[in-house]
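Structure first, then comments.
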Protein chains: 2
Amino acid sequence: MATRTRNTDDALSAERIVGTAIEMLDEAGEGGLTFRALAARLRTGAGAIYWHVANKDELLSAATAQVLAGAIAAEVAEHAPEEAIRALARGVFDAIDEHPWAGTQLSRVPVQPVMLRIFERLGRQIQALGVPAADQFTWASALLNYILGVAGQNAALARAVAPGTNRPEFLGAIASEWAGLDAAEFPFIRSVAGQLPAHDDRDQFLAGIDLILAGIAAARGQ
Amino acid sequence: MATRTRNTDDALSAERIVGTAIEMLDEAGEGGLTFRALAARLRTGAGAIYWHVANKDELLSAATAQVLAGAIAAEVAEHAPEEAIRALARGVFDAIDEHPWAGTQLSRVPVQPVMLRIFERLGRQIQALGVPAADQFTWASALLNYILGVAGQNAALARAVAPGTNRPEFLGAIASEWAGLDAAEFPFIRSVAGQLPAHDDRDQFLAGIDLILAGIAAARGQ
DNA sequence: TCCCTCTCTGGAACGTTGTTCCAAACTAGC
DNA sequence: GCTAGTTTGGAACAACGTTCCAGAGAGGGA
């Protein structure tokens, strides 16, 4: 019988822990990641995990960083600044759309290393647009905050959708509620209720980015 | 000795519970509100609270709603649409600036009754701006997501500032970190590091609102 | 006045969580 | 093959949200 040795394959490491954590978060959502469940899947104890990872916040940060790595790595040098900003925003959106728990993490913690890199990319393209130095910080922050807002709402929605039901069904139910609101108090909500079930979150998100870019262009033109 | 009667003053009620919860959240932050501590301050048991409030989520929602009530109640009919949007956004910002825990709540849960009212106000002003019906939902959502993003980041920052230190000191420390980053990798962050400690969050937030409004104006003009 | 019913109370208890602790198992260098 | 250092994993701790339930208080008929 095989001797129980500590070989490289089943050895614990920060990478393996983070990778397994991402698996569990993707499968069961934010509530699905506990140190006990993680230890069970890794066939070890909770204490062993703490040797490689300081605490749950660090674990979530590392998982979020890994999931966003692709969006940061994407090369955007060849594009015009506006297109580069769109591409970057699109990358972040797609990452959090695929891993909604990462959206929670991003909107919950202050700017951390991953988001600092995104902020850097955004700012560089803002500079490339010829924005005055005094406005660069403010306008890059506006873009970042918008992205983080969408990230948080996406995650909140994913959390709210009951495990059994699917998204169109859920949005349809909300649209019905909206349509049934008081006509005098909620005329606007009622008027857009019909657009809710069919609307594309991604398109809507990118339209918001374009709106901010148009605002920058307008402010620059004067 | 006085007979232990149940008079109106010390009677438990949803209002009194929510009011006390807001007090505790303001004093000790989001971690300061537990059912045990709340029960202790109300001189009762945790079980009694559950007779008036379904669970902690509902309690936080009610607290957030109360804290945002002022921002919604403000009458804005006399202003031009753009100024009305600014006033509304300003009201929300000031509320979450004073009660950062409310920002966490807003960015953590999907649109709830309070935020639906704000969305309604935003949308009505967007309509008043003469935006085409097809764009109203998208652009009102852009404004809302931006506001929620700032709300979340404000709350995250408030949570990160160590109880002992103050805000300028904390921002100064981050600015120092930013200034010390690799020059080749973070040119933009380094260039704006100096603006971080002195910048006004509120002004920056409102500049972002103006940017979106300018974008709407530009898109409308074509 | 008594009693029954319904509302409301508050303290104990349950299950789960993040985290800490520590004895034992393993690995590597002399 | 001893020893010093690293790594493991299971037990234990403190805290949390929530549930449970015996009983106190109030009000309305008999």
Side-chain angles (χ1 to χ4, degrees), chain A residues 1-22 24-25 27-64 101 104-105 108-109 159-160 163, chain B residues 1-22 24-25 27-64 101 104-105 108-109 159-160 163:
Chain A
M1 52 203 73
T3 53
R4 169 101 174 76
T5 61
R6 200 181 282 174
N7 66 29
T8 329
D9 289 347
D10 72 347
L12 226 44
S13 70
E15 294 75 41
R16 206 159 78 87
I17 292 171
V18 171
T20 307
I22 292 175
M24 301 182 65
L25 287 164
E27 289 170 16
E30 315 173 22
L33 180 67
T34 66
F35 273 83
R36 279 176 236 290
L38 183 57
R41 186 175 289 209
L42 289 167
R43 298 182 181 287
T44 180
I49 296 174
Y50 277 90
W51 182 260
H52 302 274
V53 167
N55 51 43
K56 194 172 185 181
D57 275 350
E58 188 183 288
L59 179 56
L60 283 172
S61 279
T64 304
W101 49 268
T104 303
Q105 181 63 200
R108 230 185 61 81
V109 305
R159 217 184 296 118
Chain B
M1 55 200 70
T3 52
R4 170 102 174 75
T5 62
R6 201 183 281 174
N7 66 29
T8 329
D9 289 347
D10 73 346
L12 227 45
S13 70
E15 294 75 40
R16 208 158 76 86
I17 292 171
V18 172
T20 307
I22 292 176
M24 301 182 66
L25 287 164
E27 289 170 16
E30 313 173 24
L33 180 68
T34 67
F35 273 83
R36 277 173 239 283
L38 182 57
R41 184 174 290 209
L42 289 167
R43 299 183 180 288
T44 181
I49 296 175
Y50 277 90
W51 181 261
H52 302 273
V53 167
N55 51 42
K56 192 172 186 181
D57 276 350
E58 187 183 288
L59 179 56
L60 283 172
S61 280
T64 304
W101 48 268
T104 304
Q105 181 62 198
R108 230 184 62 80
V109 305
R159 217 183 295 118

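Letters go in sequence order (proteins before strands), and every chain restarts at 1. In this text, all values refer to a predicted model and were calculated from it rather than measured experimentally.
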Could you work out, with side-chain contact (heavy atoms from CB on, under 4.5 Å) as the rule, every residue matching A28(B), not counting sequence neighbours? none

Considering only heavy side-chain atoms of F35(B), the closest of dG17(D), dT9(C), dT8(D) is dG17(D)

Starting at the 5' end of DNA chain D and moving along, which residue's nearest nucleotide shows up first, T44(A) or L33(B)? T44(A)

Between CG of L42(A) and P of dT7(D) the distance, given in whole Å, is 16 Å

Would you give the length of the straight line joining atom CD of E58(B) to atom CD1 of I17(B), rounded to the nearest 0.5 angstrom? 10.0 Å

Can you measure L12(B) atom CG to dG25(D) atom P for me and round it to whole angstrom units? 16 Å

So, taking the atom named CG in L38(A) and the one named CD1 in I49(A), what distance separates them when rounded to the nearest 0.5 Å? 4.0 Å

For DNA chain D, which residues of residues 46-61 of chain B approach it to below 4.0 angstrom with any heavy atom? G47(B), Y50(B), N55(B), K56(B)

Can you pull the side-chain hydrogen bond (donor to acceptor under 3.5 Å, both in side chains) pairs that have at least one residue in residues 30-41 of chain A, sequence neighbours excluded? E23(A)-R41(A), E27(A)-R41(A), E30(A)-T104(A), E30(A)-R159(A)

Can you tell me how far P of dG9(D) sits from CZ of R41(A), to the nearest Å? 17 Å

Would a 4.5 Å heavy-atom cut-off, applied to side chains only, mark L60(A) and L33(A) as touching? yes

Looking only at non-hydrogen atoms, find the nearest pair between Q105(B) and T64(B) and report the distance. CG-OG1, 3.1 Å

Touch check for L38(A), heavy atoms < 4.0 angstrom, all strands: base, sugar-phosphate only, or nothing? nothing

With sequence neighbours left out, what residues match A40(B) under side-chain contact (heavy atoms from CB on, under 4.5 Å)? none

Restricting to pairs with a member in residues 32-59 of chain A, which pass ring pair (Phe, Tyr, Trp, His ring centres under 6.0 Å), not counting sequence neighbours? F35(A)-Y50(A)

Close N or O pairs between protein and nucleotides 14-16 of chain C (under 3.5 Å):
none

Applying side-chain contact (heavy atoms from CB on, under 4.5 Å), can you list everything that pairs with V18(A), at least two apart in sequence or on another chain? I22(A), L59(A), A62(A), A63(A), Q66(A)

Applying salt bridge (Lys or Arg N to Asp or Glu O under 4.0 Å), which residue pairs with at least one partner in residues 47-56 of chain A are found, sequence neighbours left out? none

Contacts of type side-chain contact (heavy atoms from CB on, under 4.5 Å), residue A48(A), not counting sequence neighbours: L12(A), T44(A)

Pairing pattern in dot-bracket form [Watson-Crick, G-U; both distances under 3.5 Å; | = partner strand] for DNA chain D: .|||||||||||||||||||||||||||||

